[in-house]
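First the proteins, then the strands, lettered A, B, ... as listed; each starts at 1. For the numbers below, each heavy atom of this structure counts, side chains included, while hydrogens, waters and symmetry mates do not.
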2 protein chains.
Amino acid sequence: MADIARLAGVSTSTVSRALSGSKLVNQETRDRVMELARSLKYTINIGAQNLRLKQNRTVGVVIPAVSDTHTRQHLTDPFFLGMLGSLADALTEQGFDMLLSRVDADQLDAAAQPYDTGRVIGVILIGQWRHHDQLNQMAARGVPIVVWGAQLPQQLYCTVGGDNVAGGLLATRHLLQQGRRRIAFLGDIQLPEAAMRYQGYCQALQEQGLAPDPALQVSVSFLPEGGTEGVQELARRGATYDALFACSDLLAMTAINALRAQGRTVPHDVAVAGYDDIEQSTYFHPPLTTVRQPLADAGRALVATLLELAEGRSAASQQLPTELIVRASSV
Amino acid sequence: MADIARLAGVSTSTVSRALSGSKLVNQETRDRVMELARSLKYTINIGAQNLRLKQNRTVGVVIPAVSDTHTRQHLTDPFFLGMLGSLADALTEQGFDMLLSRVDADQLDAAAQPYDTGRVIGVILIGQWRHHDQLNQMAARGVPIVVWGAQLPQQLYCTVGGDNVAGGLLATRHLLQQGRRRIAFLGDIQLPEAAMRYQGYCQALQEQGLAPDPALQVSVSFLPEGGTEGVQELARRGATYDALFACSDLLAMTAINALRAQGRTVPHDVAVAGYDDIEQSTYFHPPLTTVRQPLADAGRALVATLLELAEGRSAASQQLPTELIVRASSV
DNA sequence: CTGAAAGCGCTAACAT
DNA sequence: ATGTTAGCGCTTTCAG
């Protein structure tokens with residue numbers, strides 16, 4: 001900047017003004033400065049600008065990594081990539097940058113670090129896992145944070161999420177409409193989102209005067225192996241079922257594989273519905289019936305909410321509508 | 001920081017020193033300051049620190065977004081998520097943060113922006129597409145940049161990539177060993193990586209005294225629809241083939257689907273091999289034979305190379321070994 | 001319309 | 001062992 005000032009024969013103040021398009025500076029000078037900046041490929045140092053302006057146009061996005069006992073298990077669910085893409089778009093649209101970090105799910109406090117050190121104006125967390133309390137603490141401490149997940153009672157932090165109860169309800173109703181009566185449920189109901197899907201599942205059963213059979217509910221992790229394990233566990237229990245509702249498409253896919261290994265066909269022997277509507281669901285064999293999460297809206301809503309919070313305003317949690325997509329795995 | 005200084009009854013310099021664990025400061029004072037900082041939940045403002053130290057521990061990671069004529073098509077290939085994860089890990093390991101941005105593939109220059117504005121010390125670009133020249137320009141301009149992709153002649157920028165020729169060779173040899181003779185090739189050979197895989201493919205054919213049949217090579221985009229379109233195009237051409245090698249697992253999957261729609265079974269009628277070894281390949285039906293890209297090493301290599309470059313040293317392009325994974329789709 | 005000067009939060013000589 | 005001072009690159013009063 002000093003260089004430009006010297007070359008243009010003006011002061012840095014003028015350069016600064018010119019570059020920011022201030023009307024206070026002579027049209028001609030401004031053009032000259034602009035031109036000079038372009039030819040020198042000069043761009044304002046955002047770090048310094050931020051420091052001076054006490055502003056910041058970066059938000060933190062945190063993806064939790066599951067660390068099981070041995071290996072650090074990576075989240076490979078394509079749903080996350082979709083969410084990331086959606087966030088990246090929404091942020092770009094608003095002129096914000098995205099600082100991505102990956103944090104062990106069991107030390108979520110680290111998620112606030114980029115905020116504490118002033119690098120970001122707030123944090124978007126994808127997935128609330130079972131760390132309600134830690135999230136509450138962070139929010140109470142004043143960290144602007146928005147979580148993709150379910151709305152819980154006594155929640156101090158802000159969430160944006162799909163309507164999980166409706167999602168569970170839609171999927172289960174659909175399976176019931178196909179004449180299925182013994183519907184297995186795959187998903188870790190310790191996690192708020194899965195719990196609410198389970199709630200919708202129960203509700204749909206009750207509408208038909210059916211009671212949920214605990215033998216049909218298997219809590220498996222969201223890791224892809226979960227589907228295999230779930231189906232094996234059901235076999236171990238000797239459970240009989242003619243349909244299966246899994247809490248993610250990935251689980252549904254591995255479950256279908258495990259069923260196939262048992263010699264059962266989908267949808268003939270077992271009708272299957274997943275959750276998320278990741279792209280691969282379309283060309284899985286059979287194509288997956290699933291509950292679509294509104295990805296594009298999700299990104300926008302998360303960003304909008306975070307910006308509210310970051311500006312010191314309060315923001316309400318939001319629930320986005322979900323939609324049943326019927327494909328061959330259930331009909 | 002000033003607050004802490006006041007409360008501790010020392011100067012900010014002392015606080016700064018104490019916080020950085022300098023031995024120059026009295027043990028006792030240091031503890032007091034540390035304690036104070038903790039209780040006030042104070043953390044150093046990294047922006048200011050960076051400005052002062054002229055350092056920076058953030059690297060930019062750019063994912064190109066394909067924008068076709070109408071909609072902005074998102075890259076949904078899980079391979080990218082894997083790469084992101086790998087990069088995130090490698091960066092964390094080295095104490096670096098990751099600024100993620102998504103850039104239209106046809107205005108790649110924008111990729112350097114976070115560098116120009118001083119936010120990152122360099123840029124890692126996932127995929128070189130067909131923008132060799134732009135990349136060369138950026139490198140020539142002095143932007144520290146490392147690209148995941150193939151090594152090209154007259155290349156000024158640094159690449160890290162799998163050994164694509166070997167990958168193509170391995171896959172094709174394997175298909176030939178299965179007794180297949182008419183092997184279709186799906187992939188956009190305008191893109192350097194695909195071109196080299198094609199080269200390996202040709203080489204394997206030649207080893208058997210076979211000449212590549214141009215009718216069997218279809219240039220399709222890396223978007224998942226590519227697989228479908230490729231198979232349809234082959235049908236349109238009236239090409240006969242008993243095997244298919246696709247440049248990504250996603251392409252292989254959609255191709256298999258399209259084949260199924262034509263009433264052909266895999267691997268019986270057509271043996272199929274993909275590329276990348278994304279996780280879903282394991283539980284696709286049939287499980288996919290594929291060429292594994294060394295993801296974990298990739299992340300580490302990309303980061304290591306970028307750090308070299310960022311420190312002003314020169315770095316050589318690297319090629320990582322690939323490995324054939326045989327599964328049911330080809331045997 | 002433009003320049004001089006102060007200061008964002010931090011660190012590093014250079015004193016003491 | 002600690003404080004004083006200057007300055008990283010920028011913006012913005014406040015004076016001209």
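- End-to-end axis angle of the helix from dC1(C)-dG16(D) to dT16(C)-dA1(D), from C1' rotation axes over five pairs per end: 50° (rounded to 10 degrees).
- Between Trp148(A) and Gly161(A) the shortest heavy-atom distance is CZ3-CA, 3.6 Å.
- If you take CZ of Arg119(A) and P of dG9(C), they are 17 Å apart, rounded to a whole angstrom.
- Both Lys54(B) and Thr14(B) lie near DNA chain D, and the one whose nearest nucleotide falls closer to the 5' end is Thr14(B).
- Side-chain atoms of Leu51(B) lie closest to dG9(C) of the nucleotides dG3(D), dG9(C), dT11(C).
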Using the rule given for salt bridge (charged side-chain N to carboxylate O under 4.0 Å, His left out), can you reason through Arg38(B) versus Glu35(B), listing the C-alpha separation, both sets of side-chain angles and the distance that settles it, and then say yes or no? CA-CA 5 Å; Arg38(B) 190 168 20 253; Glu35(B) 186 45 42; 3.1 Å; yes
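- At whole-Å resolution of the value, CZ in Arg57(B) and C1' in dC10(C) are 17 Å apart.
- Using a 4.5 Å heavy-atom threshold, the side chains of Leu100(A) and Leu84(A) count as touching.
- Residues Ser11(B) and Thr14(B) have side chains that bring a donor and an acceptor to within less than 3.5 angstrom of each other.
- Ion pairing of Arg102(A) with Asp89(B) is present here, as a side-chain N (NZ or NE/NH1/NH2) and a carboxylate O approach within less than 4.0 Å.
- Across all non-hydrogen atoms, the minimal contact from Val25(A) to Ala18(A) is CG1-CA, 3.9 Å.
- Residues Arg141(B) and Asp109(B) are not paired through a salt bridge, judged by the lack of any N-O separation under 4.0 Å between the basic side chain and the carboxylate.
- Across the protein-nucleic acid pair, Met1(B) atom CE and dC8(C) atom C1' stand 14 Å apart, rounded to whole Å.
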Taking only nitrogen or oxygen atoms into account, show me every contact under 3.5 Å that the protein makes with nucleotides 14-16 of chain C, one pair per line with its distance.
none

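- Checked by atom type, the side-chain pair Thr159(B)/Ser317(B) shows a donor-acceptor distance below 3.5 Å.
- Atom pair Gln55(A):CD and dT11(D):P shows a separation of 9 Å (rounding to whole Å applied).
- The two residues Asn164(A) and Ala150(A) make their nearest non-hydrogen contact at ND2-CB, 4.1 Å.
- Near DNA chain C, meaning a heavy atom under 4.0 Å away, there are no residues from residues 18-39 of chain B.
- We find that CG of Leu53(A) is positioned 14 Å from C1' of dT13(D), with the value rounded to whole Å.
- When all heavy atoms of Leu309(A) and Pro144(A) are compared, the closest pair comes out as CB-CB, 4.1 Å.
- The side-chain contact (heavy atoms from CB on, under 4.5 Å) test with Leu125(A) is passed by exactly one of Val103(A), Val146(A), Leu135(A): Leu135(A).
- Remark: Asp3(B) pairs with Arg6(B) by the salt bridge (Lys or Arg N to Asp or Glu O under 4.0 Å) rule, at least two apart or across chains.
- For DNA chain D, the residues of residues 41-49 of chain A within the heavy-atom distance limit of 4.0 Å (strictly under) are Tyr42(A), Ile44(A), Asn45(A), Ala48(A), Gln49(A), sorted by number.
- Applying the 3.5 Å distance criterion, the base of dT4(D) shares a donor-acceptor pair with the side chain of Ser13(B).
- Under the rule for a salt bridge (Lys or Arg N to Asp or Glu O under 4.0 Å), Arg57(B) has no partner lying at least two apart in sequence or in another chain.
- In summary, the side chains of Gln27(B) and Asp31(B) do present a donor paired with an acceptor at a separation below 3.5 Å, with no hydrogens or angles considered.
- Each of dT11(D), dG7(D), dA5(C) was ranked by its minimum atom distance to the side chain of Arg52(A); first place goes to dT11(D).
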